[in-house]
Each structure stands twice: as C-alpha cells, then as structure tokens.
2 protein chains.
Amino acid sequence: MKAKSKARFEARAKIIKAMAHPTRLMIVDELSRRERCVCDLTEMVGSDVSTVSKHLSVLRNAGVVRDEKRGSKVYYTLRTPCILSFMSCIETVIKSRAEEQLDLAK
Amino acid sequence: MKAKSKARFEARAKIIKAMAHPTRLMIVDELSRRERCVCDLTEMVGSDVSTVSKHLSVLRNAGVVRDEKRGSKVYYTLRTPCILSFMSCIETVIKSRAEEQLDLAK
DNA sequence: TCTATATTTGGCAATTTAGCCAAATGGCCA
DNA sequence: TGGCCATTTGGCTAAATTGCCAAATATAGA
C-alpha cells in the first residue's frame with residue numbers, strides 16, 4: 001500500500017511537472033481554446049521552434065496534449081478540458097495569498 | 001497586455017512548480033485532511049527532517065500552505081481546499097492516457 | 001542554566017531542466 | 001528529383017533542483 005501510493009504520487013507529479021513552466025502554461029491555455037499547429041504556437045510564444053517543439057513533447061509525454069499530423073503540419077489539442085478548473089484553483093491560491101498579505105499590511 | 005499575461009503565467013507556474021514533486025504532493029494530500037507538524041510529516045515521508053522542512057518552505061513560499069508555531073512545534077495547514085479539484089483533474093489526465101493506450105493495444 | 005526536542009539554514013555533489021544552434025526527417029509540389 | 005516548409009532531434013552550456021549532513025536557532029522542562 002505504501003509503495004502503491006508512492007507510485008500514485010509520482011504519476012501525478014509527472015503531469016504537474018509538465019505544466020510547471022510559464023511557456024507550457026501559455027500553450028495549454030491556448031489549446032484550451034482551439035487546436036494549433038507548432039508554427040502557430042511558435043509565433044505566439046516567441047521562442048525558437050525547437051524550444052517550442054520540446055515543450056510540446058514534454059506535454060505530450062505527460063499525456064496532457066495529443067498531436068495529429070495533417071499534411072506537413074502537426075496539430076496539438078488538449079486531451080482533457082478539466083485544465084480550466086485546474087487553473088481556477090491556482091487562481092484561488094494566488095488570491096488567497098494576496099488577501100493575506102493585504103491583512104498583514106494593515 | 002502581452003507582458004501582463006506573461007507575468008500571469010509566471011505566477012501560475014510558480015505555484016504549480018511548487019506542487020510538482022511526489023513528496024510535496026504527499027504532504028499536500030495529508031494536509032488536505034488535517035493540520036500536521038513537521039515531525040508528523042517527516043515520519044510519513046521517511047526522508048531527513050531537513051529535506052521535509054525544505055519541501056515545506058517551497059510550498060509556503062508559493063502560498064500553498066501556511067505555518068503556525070505553537071510551543072516548540074510548527075503546524076502546517078493548506079491555505080485553500082481547492083487542491084482536491086486540482087487533483088481530480090490530474091486523475092482525469094491519467095485516466096484519459098490509460099484509456100487511449102488501451103485503445104492502441106487493441 | 002543545562003539538556004533534549006523541534007525546526008530551519010548553509011553548504012555541497014549529483015541530477016535535471018531550459019533554450020539555443022545545427023542537423024536530420026518527412027511531406028508537398030514544381 | 002530538387003527544393004522548400006514544418007517539425008523533431010542531438011548536442012551543448014548555464015541554471016535550477018534535490019537530498020543529505022552538519023550546524024544554528026528556538027522552546028520546554030528538570
């Protein structure tokens with residue numbers, strides 16, 4: 001049971017780690033709206049294509065996004081839409097933190 | 001607007017990064033049930049106290065947990081309960097991934 | 001005050017990550 | 001086939017992260 005729960009936390013951490021980067025969050029955010037090819041995302045992000053491609057492979061390996069080749073382009077989509085609720089939790093943490101600091105300032 | 005959204009993604013990434021570790025996830029999971037002192041968590045986790053203390057400081061700096069000193073012990077609590085919905089999203093990703101691999105195996 | 005317990009901090013070695021360039025791969029079309 | 005476009009991969013360096021030990025700090029109690 002101990003080992004099993006350890007494996008569970010490792011599996012979760014792997015996914016969370018994949019999202020733990022500003023650029024990858026931006027990508028996830030964009031993909032929550034519509035599918036995008038690497039070229040679209042590269043333009044959005046403003047880094048080298050190879051960098052964006054590597055970020056995408058991190059997300060793909062973690063199972064956060066899915067890729068589909070059509071013609072010479074590769075389109076990425078989110079695998080599940082729950083990412084939005086995920087983000088709303090993060091925003092709650094940010095807000096809670098801000099409020100607490102406001103209290104301290106009084 | 002561009003810089004603003006960049007800062008937003010960085011703020012979010014900071015919090016997500018704080019959770020992106022199996023041990024810290026285990027801690028967050030435990031704290032979602034009840035408050036715990038460092039000694040309790042150290043026993044649970046099974047690492048050196050200093051290691052656990054550093055994990056806790058990562059979570060504290062990110063605003064995920066709050067600490068309160070009482071006597072010679074320091075008790076940690078979750079700052080917001082939404083972490084649970086956060087985890088359920090992660091589980092969805094894991095499940096979606098598993099199902100897709102099952103399909104491939106057919 | 002002296003000691004034991006609880007926690008944090010400093011420091012260090014090993015590992016992982018990020019981002020760039022250059023090169024390889026794959027598809028499209030003249 | 002040859003050349004162009006889209007994407008991935010290899011390789012490299014710089015920076016960040018992890019986990020341990022040792023040492024510092026704080027509190028409670030004899």
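Convention: sequence-line order gives letters A, B, ...; per-chain numbering from 1. Predicted model, so just to flag it, every value in this text is computed and none were measured.
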Checklist entry - Taking atom C1' of dT27(D) as reference, at what distance in whole Å does atom CZ of Arg70(B) sit? => result 15 Å
Next on the checklist: Which residue is it: Arg60(A), Glu68(A), Arg66(A), Glu35(A)? I am looking for the one with a side-chain hydrogen bond (donor to acceptor under 3.5 Å, both in side chains) to Tyr76(A).
Outcome noted: Arg60(A)
Checklist entry - For the pair made of CD in Glu68(A) and P in dT7(D), what is the distance, rounded to whole Å? => result 13 Å
Checklist entry - Taking atom C1' of dA6(D) as reference, at what distance in whole Å does atom CG of Asp48(A) sit? => result 13 Å
Checklist entry - Given that Lys17(A) and Val74(A) both sit by DNA chain D, which one's nearest nucleotide is further toward the 5' end? => result Val74(A)
Item to check | Gap between atoms CG and C1', on Leu56(B) and dG19(D) respectively (whole Å) | outcome: 14 Å
Item to check | Hydrophobic cluster identity match, Ile94(B) and Ile16(B), side-chain contacts under 4.5 Å | outcome: yes
Checklist entry - Reckon His55(A) has a side-chain N or O less than 4.0 Å from the OP1 or OP2 of dT17(C)? => result no
Checklist entry - Ser53(B) side chain N/O closer than 4.0 Å to the phosphate oxygens (OP1, OP2) of dT8(C)? => result yes
Next on the checklist: Taking the nucleotide of DNA chain C with the nearest heavy atom to each, does Tyr75(B) or His21(A) sit closer to the 5' end?
Outcome noted: Tyr75(B)
Checklist entry - Just by distance, do the side chain of Arg36(B) and the backbone of Leu31(B) share a donor-acceptor pair under 3.5 Å? => result no
Checklist outcome for this item: Sorted by position of nearest nucleotide on DNA chain C, 5' first, the leading residue of Lys69(A) and Ala20(A) is Ala20(A)
Item to check | Rounded distance in Å - CG (Asp40(A)) to C1' (dA6(D)) | outcome: 12 Å
Checklist entry - Which is true for Ser50(B) with a 4.0 Å heavy-atom rule: it touches a base, it touches only sugar-phosphate, or it touches nothing? => result base
Item to check | Distance test, side-chain N/O of Thr51(A) to OP1/OP2 of dC20(C), below 4.0 Å | outcome: yes
Checklist entry - Can you tell me how far P of dG19(C) sits from CD1 of Ile27(A), to the nearest Å? => result 10 Å
Next on the checklist: What is the distance, to the nearest angstrom, from the CG atom on Leu41(B) to the P atom on dT7(C)?
Outcome noted: 9 Å
Next on the checklist: Is there, by distance only and without an angle test, a donor paired with an acceptor across the side chain of Lys54(A) and the base of dG10(D) below 3.5 Å?
Outcome noted: yes
Checklist entry - Looking only at side-chain N and O atoms, does Tyr76(B) come under 4.0 Å of OP1 or OP2 in dA6(C)? => result no
